[in-house]
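First comes the structure, then the notes that go with it.
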Amino acid sequence: MIDLIKKLTEAYGPSGREEEVHKIILEELEGFIDGYKFDNVGNLLVWKTGSSGKKVLFDAHADEIGLVVTNVDERGFLRVESVGGVPAHSYVGHRVKFPEATGIVYVEGETFEEQKKNYSNLNLDVMFVDIGAKDRDEAQKLVPIGSFGVYDSYMYRNNDLLVGKAMDDRIGCAVIVEMFKRIKKPVNTIIGSFSVQEEVGLIGASVAAYSISPDVCIAIDVTDSSDYPKSFKRHSMVLRKGPAVKVKDRASISNRKIVDRLVEIAQKENIPYQMEVLVFGGTNASVLQRTKAGIPSATVSIPTRYVHSPSETLSLTDVEYTIQLLMSYAEKGV
């Protein structure tokens, strides 16, 4: 499981460029699925056929936040724009990986006063990427305008915690892959959706369920963890206390029947869980529930520290309990 998470999180896969992630997923699922397809926007859909006639779709987005090159100056330094919700401060002094080069992100400033001002009002207008090019021509051969970059970060284990980039939402992808490996003969047909472009507007999920028309959709994603110093005091979600069953976020309210059933299963099977009310953000559940005439949808989240940074941190124990809860729901919930 840890090797799978490492492969997925370290893969290159900014929004709209998820092919490497999908390739890893298909390799991992060989022999564990009854079929797969790519839809018209690039979502990877896999399935394992059950006997009940009911269909449950589990969705996790395959993309990660990143940067896209907008311009290259005469000395070969790159100017960039965000792809998804990129916090500018998390890139300063950090490496960013493009398909053909790796660069360092830094902040401009010709005087102490200007640099202090730029740091206090940090944004991409005053930042650049250095890929070591001699001039514009050399830079554009390696990283032409329109190239996408992601954090150059590796995953490591810290006790029961896993740290690395793109836990949002490769950890959801890993959960679905592991479910398919463990469920041998499902009662309900289970569908895995590894959707694209979530970070730029929930694009892939808005059509992921359309051709399959499942009876229920559950999005699997990360959520804020409020267990570090001065963390968000209106959130109750923390590491090491199990998956978070979402009640509400800024984008959707989870279907009450699904929430109640998840809680019931967790209590009966002694699976630790916590309730989630997120006062910002949203997940693919908000668009999955609007598919066709509407599909009952909810979200199960894995609490994560430092979301959208190069060092997103979560508990492997929480991941395992999430798999157990969702496997039980797949078999008993619909």
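Nothing here was measured: the structure is a model prediction, and the numbers come from that model.
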Side-chain (D63) to main-chain (E198) donor-acceptor, under 3.5 angstrom: yes

Inter- and intrachain pairs under salt bridge (Lys or Arg N to Asp or Glu O under 4.0 Å), touching residues 296-324, at least two apart: R182-E320, D227-R305

Full working for side chain to side chain donor-acceptor pair (under 3.5 Å) between T304 and D168: CA-CA 9 Å; T304 303; D168 176 16; over 6 Å; no

Partner set under ring pair (Phe, Tyr, Trp, His ring centres under 6.0 Å) for Y106, not counting sequence neighbours: none

Residue pairs involving residues 2-16 (criterion salt bridge (Lys or Arg N to Asp or Glu O under 4.0 Å); sequence neighbours excluded): K6-E10, K7-E28

K48 side-chain N/O to I183 backbone N/O, donor-acceptor pair under 3.5 Å: yes

Connected-component partners of Y306 among ILVMFWY, side-chain separation under 4.5 Å: Y228

Audit row: F58, L326, side-chain contact (heavy atoms from CB on, under 4.5 Å) steps and yes/no: CA-CA 9 Å; F58 296 97; L326 293 177; 4.1 Å; yes

S252: partners by side chain to side chain donor-acceptor pair (under 3.5 Å), with sequence neighbours left out: none

N40 atom CG, over 12 foreign heavy atoms within 6.0 Å: no

Non-hydrogen side-chain atoms of V46 and F32 separated by less than 4.5 Å: no

Hydrophobic cluster identity match, M327 and L316, side-chain contacts under 4.5 Å: yes

Residues in side chain to side chain donor-acceptor pair (under 3.5 Å) contact with S309, at least two apart in sequence or another chain: none

E18 side chain reached by N43 side chain, heavy atoms, under 4.5 Å: no

Under 3.5 Å donor-acceptor, T189 side chain and G50 backbone: yes

same_hphob_cluster(V105, I131) at 4.5 Å side-chain heavy-atom cutoff: yes

Enclosure of K248 NZ (heavy-atom neighbours >12, cutoff 6.0 Å): yes

F128 atom CZ, neighbour heavy-atom count above 12 within 6.0 Å: yes

All pairs passing salt bridge (Lys or Arg N to Asp or Glu O under 4.0 Å) where residues 266-280 contributes a residue, at least two apart: K246-E276, E264-K268, E269-K332

Cluster overlap V222 with V196, hydrophobic side-chain contacts below 4.5 Å: no

Pairs where residues 102-130 contributes a residue and the test salt bridge (Lys or Arg N to Asp or Glu O under 4.0 Å) is met, not counting sequence neighbours: R79-E108

Y329 vs V300 side-chain heavy atoms within contact, under 4.5 Å: no

Donor-acceptor contact below 3.5 Å, side chain S311 vs main chain V163: no

Residues which pass ring pair (Phe, Tyr, Trp, His ring centres under 6.0 Å) with Y151, listed by chain and number, not counting sequence neighbours: Y91, H94

Flag side-chain contact, heavy atom, 4.5 Å: V307 against D224: no

Verify same cluster id: I295, V287 (apolar side-chain graph, 4.5 Å): no

Co-members of V238 in a cluster of I, L, V, M, F, W and Y side chains, linked at under 4.5 Å: none

Side-chain donor/acceptor of R170 to backbone N/O of G172, under 3.5 Å: no

Pairwise side-chain contact, K181 with E178, heavy-atom cut-off 4.5 Å (strictly under): yes

Validation row: Y36, L29 side chains within 4.5 angstrom (heavy atoms): no

Check: V80 and M127 side chains under 4.5 Å, non-hydrogen atoms: no

Y156 and Y154 aromatic ring geometry - parallel, tilted or perpendicular at 30°/60° bounds: tilted

Over 12 foreign heavy atoms within 6.0 Å of CD, E30: no

Chi angles and distances behind the side-chain contact (heavy atoms from CB on, under 4.5 Å) call for R234, F280: CA-CA 11 Å; R234 286 203 283 154; F280 50 72; over 6 Å; no

Side-chain atoms of residues 202-219: list all donor-acceptor pairs with protein atoms under 3.5 Å, sequence neighbours left out, distances to 0.1 Å.
| unit_1 | atom_1 | unit_2 | atom_2 | d |
| --- | --- | --- | --- | --- |
| S206 | OG | I203 | O | 2.5 |
| S211 | OG | K37 | NZ | 2.8 |
| S213 | OG | K292 | NZ | 2.8 |
| D215 | OD2 | K55 | N | 2.8 |

Transitive ILVMFWY side-chain link Y12 to L142, under 4.5 Å: no

Stepwise side-chain contact (heavy atoms from CB on, under 4.5 Å) check, L262 with D260: CA-CA 6 Å; L262 287 166; D260 289 347; over 6 Å; no

Partners meeting ring pair (Phe, Tyr, Trp, His ring centres under 6.0 Å) with Y273 (sequence neighbours left out): none

